[in-house]
Amino acid sequence: MSEKKYVYTFGGKTAEGKADMKNLLGGKGANLAEMCLLGLPVPAGLTITTECCTDYYANNCKLPTGLMDEVWAGISVVEKNMGLKYDDPENCLLLSCRSGARSSMPGMMDTVLNIGLSSKTLPGLIKKSNNERFVYDSYRRLIMMYADVVMEKAEGREPAEGVGIRKLLDEKLDNYKKEKGYKSDTDLTTNDLKYLSDEFKKEIKKQIGQEFPDDAKKQLEGGIMAVFKSWNGKKAISYRRIEGIPDEWGTAVNVQAMVFGNMGDSSATGVAFTRNPANGANEFYGEWLVNAQGEDVVAGIRTPSPLNNDTKNEQNKHLVSMEDSLPATYKELCEIRDILEKAYRDMLDIEFTIQDKKLYMLQCRVGKRTGAAALQIAMDMLKEGLISEKEAILRINPSQLEELLFPILDSKDEAKQTVIAKGLPAGPGGAVGVIALSCEEAMRLSKEKIVSILVREETNPEDVEGMRAAAGILTARGGMTSHAALVARGWGKCCIVGCEAIHINMDKKTINIAGKEYKEGDVLSLNGTKGFVYAGKVKMIDATENPVLKGFMEIVEKYRTMGVRTNADTPKDAQNAINFGAEGIGLFRIEHMFYGENSEAPLAVLRKMILAADTAERKKYLNELHPYIKQAVKGTMKVMDGKPVTFRLIDPPLHEFVPQTEKGQKELAAELKISFEEIKRRIDALHEVNPMMGLRGVRLGVVYPEISETQFDALFEATLELKKEGCNPILEIMVPLTISVTELKHQKEIADRVQAEVEKRNGMKLEYLYGTMIEIPRATIVAKQIAEVADFFSFGTNDLTQMTFGFSRDDVNVIISEYKDKKIIPADPFQTLDTVGVGGLVGVGINFGRETKPDLKVGVCGEHGGDPASVEFFYTVGMTYVSCSPFRVPIARLAAAQAAIKYEK
Ligand code: ADP
Ligand code: MG
Ligand code: MG
């Protein structure tokens, strides 16, 4: 025997494993052992460890020497337990061979049932069971599963045109049933099943060129190997990619005594959830099938019956429930449900089989659930005393909260539709509306109260009004931090970007998806949480104003220590954020007043200022701009009364605001009383090859100090006016894109001068915090000096990621997806903070800053402020607060509370 222990047995009321041994035994194996320890009826069996799987692969796909000896020794324990003997002509034990990784990978790996049936054991089992039909039903199932899993998939056979052996055998079965006029598998007679078994074997020989093994020992060994092999099956590999499960984990193999749900009308098989997985209701929810085995329930060959009468639905209301049909067994199952929930203190998903009225448990695991169900179950279990407040908080995945905050597509209706295109899930929730191919069209429709989906190649700041008017946004290009995505998330608007399957034809006013044409005015439905596009109308449901959510968030607040602010630039968004629990604004972008609603007037002045001939002219237009800025600042500060508001000086390159069309440029020329050629010349002069690294941020204020001066003046005036009105404005000013303390001092001198003037003008003193964004790697390194002048830091992690990686966030989509596929980077760094690199710089910046000012306030205002994993990281580096879009505020609050609980010690 080998040195390592590879085999763990379970059965009776004992087991060598237990629930917390998932890493070694896989989820299924560990839970089977635990159910035995809980005294539940589980057919005896053994688990071959995940370690054995790893060794199997390390060993060139050979089972470790001595493994089979250990398995046979384990089988003899199982035999004693069951009073049966494997490969015995009179009293034979049959086995199932089941996969089971650490975390469940439903349907991704393979299982073989009824192993051990051969010409040697068939007659004895027929005699003993006195049920020939059952025996041949089991036999034909074994042949099909074995051919598929062991002889084809595990051998790496790639059948021509994707027609696998299972499909061929299934077709044979279907044709035969049709010929005979049978509706259901249960109509097949003993002779039919015998005949089919022979036919199956012939077909296998023909297709695969090998005999189905008539040797029980060989069958088991083949089964075990095939389960290990299925760890590297195509399906399993791609599932691991998506779910982020490491390849090294490996799967365990569970070899278990068979019990039979296909022995007749008092036998059955079923699956259930201990609570409703869709809405969390505390009701036993499941399905069962009489005279069936294994996957029949989920396979959809027959409509499964409801477990009980309370949970019947439209499809199954005419069928008899287990509650009515087998009341005693049902009662036993209900008791097991209670035992399991008490032991696991969570909602479970269970699989069971009834052999001649006797109940057996075959599987249990913590059940997957929707966000709504997760919330309901956590709050109920807290009330029932099953879990503590901290556990309730940790039970909800923060990103699941998102589902609860927006109107969404009705998942039931959605499941019936086909996805016509997929893109990046940029803005959450669902949207249903008619296609609008231009912003004008979206706005026109909105005036007529028609809901629209704005479909664009990509969006730019000029599109904001159209984006606002549409219910959902769909773009062919762009990444998760593209303009459309940022704007949409800020509003909590449903948005899908980078949907490359879409081809827009503006001449014909159509879009083409996979060869199908859709006209402007046709209806589309979007699932922005998943990135799925549907043709036609999918039902919507409203998910907000949920009292359970409110109760949950009250508990969350008890444990949260890190602050949560919002990124907002309008009174409406600010109010929204307050409703979601924001404690202030971490980022108010002054330039935002030049986009969207009511922006025409200030934008017109801004354009003139940008294209001014000289400083005097620029100052003239800046003076015209002043009241607009003051107005915008006041509006939002008033809503945020008593809460801090961080205003960022104008940041983007100015040419972004210049009209792009010839018509717009001509109009502007006329207003400025200059020629079209002259305006063209001035616009061209603003052109930069690399604007993201050009004249923007604090550089604008250094090159044109008057631009900063006007902003300071408007901010100070707005604050003092609010004070006079009896409000409590808390002003914070933030300088963007700083690289040195000298820049910051340069701007501070302007601010000090303006402050003195404004105070004098108003006869009032003013207080405010002067801080900076840290978003260029250099700034993190010189943070010690910067902190001499700055009262606070706010890390702009979007730009910091862009500058640290040298990835242009507007162009990098293609590269990032290639890099993710090739495992060069683990995730999109614009979505989830690169904790090692960018996060390392954040840590450096904080530490240096606090060397100068030990209680320096530090926050983060990039998109990462609303990403749960990033929020956890920010907690660990001592961030004072995170700031995110209004709709992500509850998510950040939950993530912050979870971090506080996790790192308590
Ligand atoms: P999956 O992980 O895909 O659910 P399982 O290993 O759970 O695969 O097997 C699928 C089904 O096969 C089970 O739900 C059960 O109905 C049936 N099955 C597995 N092992 C046994 C057994 N020992 N006796 C009876 N049925 C079994
Ligand atoms: Mg299962
Ligand atoms: Mg920035």
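When a ligand or atom number is given, it counts from 1 through the structure's own listing order.
At a 4.0 Å cut-off, at least one heavy atom of K28 sits close enough to ligand 1 to count as contact. Within the structure, ligand 1 has A257 among the residues with a heavy atom less than 4.0 angstrom away.
Checked options D192, D187, D185; the residue passing with K177 is D185 (criterion: salt bridge (Lys or Arg N to Asp or Glu O under 4.0 Å)).
A salt bridge does not link K331 to E323: none of the charged nitrogens lies less than 4.0 Å from a carboxylate oxygen. A salt bridge is defined here as a Lys NZ or Arg NE, NH1 or NH2 lying under 4.0 Å from an Asp or Glu carboxylate O, and D55 with K62 fails to meet this definition. For D137 and R141, the salt-bridge test passes: some basic side-chain N is under 4.0 Å from an acidic carboxylate O. K85 has no carboxylate O lying under 4.0 Å from a charged side-chain N of E90, or vice versa, which leaves the two without a salt bridge. Taking 4.0 Å as the cut-off between side-chain N and carboxylate O, D346 and R275 do not count as a salt-bridged pair.
The N/O atoms of R365, backbone and side chain alike, include none that comes under 3.5 Å of an N/O atom in ligand 1. Annotation: T353 places no N or O atom under 3.5 Å from an N or O atom of ligand 1; distance criterion only. Taking any N or O of V259, backbone or side chain, at least one lies under 3.5 Å from an N or O belonging to ligand 1. The shortest N or O to N or O distance between E351 and ligand 1 is below 3.5 Å. Of the polar atoms of Q363, at least one N or O is found under 3.5 Å from an N or O of ligand 1, judged by distance alone.
The Mg ion (ligand 2) has an N, O or S atom of Q363 closer than 2.8 Å.
Aromatic rings from F212 and Y146 are positioned such that their centres are separated by under 6.0 Å. Y176 has its ring centre less than 6.0 Å from the ring centre of Y195.
Of the candidates N262, T111, I350, N114, T111 brings a heavy atom nearest to atom 8 (O) of ligand 1.
Contact annotation for L113 and ligand 1: only side-chain heavy atoms (C-beta onward) come within less than 4.0 Å of the ligand.
Of all the atoms in ligand 1, the ones that sit under 4.0 Å from a non-hydrogen atom of Q256 are 23 (N). If you number the atoms of ligand 1 from 1 as listed, the ones under 4.0 Å from a heavy atom of T269 come out as 16 (O).
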